[in-house]
**Q** 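Got a structure here, written out as structure tokens. Questions coming.
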Amino acid sequence: MKKFLDEVVAEMKKVSWSTKKELVNYTVVVGIAVAIVCALIWICDTFFARLFHIILR
């Protein structure tokens with residue numbers, strides 16, 4: 001078990017961790033992308049709901 005933990009510690013030292021600035025930037029980019037996709041889905045949903053409402057009238 002000790003060998004395993006030593007290897008885990010050694011591997012974790014090799015990991016390149018993001019800086020705080022990078023993390024904030026990536027979070028903002030993901031947030032904007034999610035907002036855009038949500039808006040597109042909302043627009044498509046509204047369009048098709050009205051279209052089907054007109055067709056089925």
**Q** List, by chain and number, the other hydrophobic cluster members for Val37, where Ile, Leu, Val, Met, Phe, Trp and Tyr join if side-chain heavy atoms come within less than 4.5 Å, directly or indirectly.
**A**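 Ile41, listed by chain and number.
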**Q** Under 4.5 Å between side-chain heavy atoms, counting indirect links through other Ile/Leu/Val/Met/Phe/Trp/Tyr residues: same cluster for Val8 and Val15 or not?
**A**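 In one cluster: yes.
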**Q** With Lys13, which residues qualify under salt bridge (charged side-chain N to carboxylate O under 4.0 Å, His left out), at least two apart?
**A**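 Result, salt bridge (charged side-chain N to carboxylate O under 4.0 Å, His left out) vs Lys13: none returned.
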**Q** Run the side-chain donor-acceptor check on residues 46-57: report pairs under 3.5 Å with partners two or more places apart or on a different chain.
**A**
residue, atom, partner, partner atom, Å
Thr46, OG1, Trp42, O, 2.8

**Q** Between side-chain atoms of residues 22-32 and protein atoms elsewhere (two or more places apart, or another chain), which donor-acceptor pairs fall under 3.5 Å?
**A**
residue, atom, partner, partner atom, Å
Glu22, OE1, Thr19, N, 2.9
Asn25, ND2, Lys21, O, 3.4
Thr27, OG1, Leu23, O, 2.7

**Q** I'd like to check the salt bridge (charged side-chain N to carboxylate O under 4.0 Å, His left out) partners of Asp45; sequence neighbours left out, ordered by chain and number.
**A**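 Asp45: no salt bridge (charged side-chain N to carboxylate O under 4.0 Å, His left out) contacts found.
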**Q** Give me each pair satisfying side chain to side chain donor-acceptor pair (under 3.5 Å) with a member in residues 2-11, each pair once, sequence neighbours excluded.
**A**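 Listed by first then second residue: Lys2-Asp6, Glu11-Lys14.
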